[in-house]
Asks: 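Sending over a structure as structure tokens; questions will come in a sec.
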2 protein chains.
Amino acid sequence: MNIGEVAERSGIPPKTIRYYEDIGLVRPQRSENGYRAFRETDLHKLTFLGRARALGFSIEDCRTLLGLYEDESRESAQVKAVAEEHLSEIDSKIAQLQAMRQTLSHLVAACHGDDRPDCPILSDLSGAQAG
Amino acid sequence: MNIGEVAERSGIPPKTIRYYEDIGLVRPQRSENGYRAFRETDLHKLTFLGRARALGFSIEDCRTLLGLYEDESRESAQVKAVAEEHLSEIDSKIAQLQAMRQTLSHLVAACHGDDRPDCPILSDLSGAQAG
DNA sequence: CTTGAGCTTCCAGTGACTGGAACCCCTATA
DNA sequence: TATAGGGGTTCCAGTCACTGGAAGCTCAAG
């Protein structure tokens, strides 16, 4: 398979696939004309990567997960540890965003949003004490 | 004030303050020895930036907000529009993270996490249909 | 033979910093 | 007066995970 077909079937853009090769996540062979020649296993790996990335795993996590996937002597505890670590990072991010959301939505609600200049959003940012 | 004092009082690291000057968010004067000389208004701006960044506004949003803050003929509707736009981006991010969280927490719960190799997390990533 | 799609490499840019090197300035102390 | 240190300065490179673009090669169709 050429890169275009693999891109289509895996849902990962050609540019990204080349990048993944660059950083050693996939190692397609080469045809005589210099084109990358992907096998089914390469496609499989890329699909795996696509799903892992969609779950928010970092590239380094993906590398680890791919390694575990291909290691038949892995222990599922290793996989679970990576996933739990990532899950807790997701939880932190959600918490942080919800805190922002909380503050910001109050400010937005308090701003009358008309043609006058006074604005509780700017007041808050400038450090004024809430009344 | 030198950069160290401003950093301390605004809570923004010196490196970041220099970066903000680089991109034109603050324009401190210079002392004869070449040191940046910050006035109270500069400190004020940096504190404003710190709060806006803490609410997740992008640097470009911050630039806009600072501009509105200093523009006495602003309309609060302009500020509110920026904030609402940002709020909806926050909401999207939260939704995306929660979707990841949902999938991932199910997978983590399903993985026994022991010394055996079989693992529903890897099965899912590799594209197996859930049974 | 030309056209156009698809492939190749390499370089640069994204956002918002952050680390580090190499150097200057200022004050205090031996 | 020499020196040590803790400021400050600039500039360059790296982060993360791509993405865009330029220049050039390959291949199939008309």
Side-chain angles (χ1 to χ4, degrees), chain A residues 1-38 42-43 45-46 48-66 85-86 89-90 92-93 96-97 100, chain B residues 1-38 42-43 45-46 48-66 85-86 89-90 92-93 96-97 100:
Chain A
M1 279 177 283
N2 283 349
I3 200 168
E5 184 180 346
V6 180
E8 179 127 354
R9 289 176 61 186
S10 66
I12 300 175
K15 276 272 182 186
T16 304
I17 296 175
R18 293 194 192 98
Y19 170 70
Y20 285 172
E21 183 187 12
D22 246 33
I23 62 174
L25 286 181
V26 281
R27 304 183 188 283
Q29 297 179 317
R30 293 290 174 137
S31 310
E32 289 183 4
N33 61 12
Y35 286 17
R36 288 170 182 80
F38 295 85
D42 295 317
L43 173 59
K45 272 196 191 186
L46 286 166
F48 184 104
L49 286 170
R51 289 172 198 266
R53 292 289 299 130
L55 285 179
F57 285 103
S58 72
I59 288 289
E60 284 317 302
D61 278 351
C62 288
R63 198 189 296 279
T64 303
L65 291 171
L66 257 186
E85 174 75 24
H86 179 46
E89 276 165 23
I90 287 177
S92 312
K93 281 188 194 164
Q96 195 187 359
L97 285 169
M100 287 177 184
Chain B
M1 281 176 281
N2 283 350
I3 200 167
E5 184 181 345
V6 180
E8 178 126 357
R9 289 175 62 185
S10 66
I12 300 175
K15 276 269 179 188
T16 304
I17 296 175
R18 293 194 192 99
Y19 170 69
Y20 286 172
E21 184 187 11
D22 245 33
I23 62 175
L25 286 180
V26 281
R27 307 185 186 281
Q29 297 179 317
R30 294 288 175 140
S31 310
E32 289 184 4
N33 60 11
Y35 287 16
R36 287 170 182 80
F38 295 85
D42 295 317
L43 174 59
K45 273 196 191 186
L46 286 166
F48 184 103
L49 286 170
R51 289 172 199 264
R53 293 288 300 130
L55 286 179
F57 284 104
S58 71
I59 289 289
E60 283 319 300
D61 278 350
C62 289
R63 198 189 296 278
T64 303
L65 291 172
L66 257 186
E85 174 74 24
H86 179 47
E89 276 164 23
I90 288 177
S92 312
K93 281 188 193 163
Q96 195 187 358
L97 286 170
M100 288 178 184

Asks: Nearest 0.5 Å, please: how far is CZ in R63(A) from CD in E60(A)?
Replies: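 Atom-to-atom, E60(A):CD and R63(A):CZ are 4.5 Å apart.
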Asks: Decide yes or no for H86(B) and I90(B): does some side-chain heavy atom of the first lie under 4.5 Å from some side-chain heavy atom of the second?
Replies: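 In short, these two side chains touch, coming nearer than 4.5 Å.
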Asks: Give a yes or no on whether a salt bridge exists between R27(A) and E21(A), defined as a side-chain N under 4.0 angstrom from a carboxylate O.
Replies: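 Salt bridge: no.
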Asks: Tell me: CG of D61(B) to P of dG15(C), nearest whole Å?
Replies: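 D61(B) atom CG is separated from dG15(C) atom P by 12 Å.
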Asks: Return the 5'-most residue of the pair P13(A), E5(B) with respect to DNA chain D, ranking by each residue's nearest nucleotide.
Replies: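 The residue mapped nearer the 5' terminus is E5(B).
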Asks: Are the side chain of S31(B) and the backbone of G34(B) linked by a donor-acceptor contact shorter than 3.5 Å?
Replies: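 A pair under 3.5 Å: no.
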Asks: Pick the nucleotide of DNA chain C nearest each of K15(A) and Y35(A); which residue has the one closer to the 5' end?
Replies: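 So the residue in question is Y35(A).
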Asks: Remember a base hit wins even if backbone is also touched, and classify R53(B) as base, sugar-phosphate or nothing at under 4.0 Å, heavy atoms.
Replies: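 If one applies the 4.0 Å heavy-atom cut-off, R53(B) turns out to touch the sugar-phosphate alone, with no base involved.
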Asks: Take R9(B) and M1(B) through the test side-chain contact (heavy atoms from CB on, under 4.5 Å) and record every step on the way to the result.
Replies: CA-CA 10 Å; R9(B) 289 175 62 185; M1(B) 281 176 281; 3.4 Å; yes
Asks: If you compare all heavy atoms of N2(A) against all heavy atoms of Y35(A), which two are closest, and at what distance to 0.1 Å?
Replies: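 Looking at all heavy atoms of both residues, the closest pair is ND2-CD2, 3.7 Å.
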Asks: Figure out the CD/C1' separation between E8(A) and dA5(C), and round it to whole Å.
Replies: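 Computing the E8(A):CD to dA5(C):C1' distance gives 14 Å.
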Asks: In whole angstrom, what separates I59(B)'s CD1 from dT14(C)'s C1'?
Replies: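 It is 14 Å, rounded to the nearest whole Å.
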Asks: Which value, rounded to the nearest 0.5 Å, describes the distance between L46(B) atom CG and F38(B) atom CZ?
Replies: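 Here the rounded value is 6.5 Å.
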Asks: What range of DNA chain D does chain A touch, first nucleotide to last, counting atoms under 4.0 Å from its heavy atoms?
Replies: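 Endpoints of the contacted stretch of DNA chain D: dA17(D) to dC27(D).
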Asks: Have a look at Y20(A) and say if it touches a base, only the backbone sugar-phosphate, or nothing, with a 4.0 Å heavy-atom cut-off.
Replies: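 Contact class for Y20(A): sugar-phosphate only.
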Asks: Assign each of T16(B) and G34(A) to its nearest nucleotide of DNA chain C by heavy atoms, then name whichever residue's nucleotide is nearer the 5' end.
Replies: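 This one resolves to G34(A).
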Asks: Using only atom types and a distance under 3.5 Å, with no angle test, would you say the side chain of T16(B) pairs donor to acceptor with the backbone of I12(B)?
Replies: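 It does not hold such a pair.
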Asks: Does R36(A) reach a base, just sugar-phosphate, or nothing at all? Heavy atoms under 4.0 Å.
Replies: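 Touches sugar-phosphate only.
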Asks: Counting only non-hydrogen atoms, which of residues 24-33 of chain B are less than 4.0 Å from DNA chain C?
Replies: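 The answer is N33(B).
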Asks: CZ of F38(A) versus C1' of dT8(C): gap in Å, rounded?
Replies: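 In whole Å, dT8(C) C1' lies 12 Å from F38(A) CZ.
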Asks: Calculate the interatomic distance between R18(B) atom CZ and dA21(C) atom C1'; express it in whole Å.
Replies: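 Distance check: R18(B) CZ to dA21(C) C1' gives 14 Å.
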Asks: I want to check something: taking the side chain as every heavy atom from C-beta on, are V6(A) and D42(A) in contact at a cut-off of under 4.5 Å?
Replies: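 They are not in side-chain contact.
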Asks: Could you state the CG-P distance from N2(B) to dT27(C), rounded to the nearest angstrom?
Replies: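 Whole-Å distance recorded here is 11 Å.
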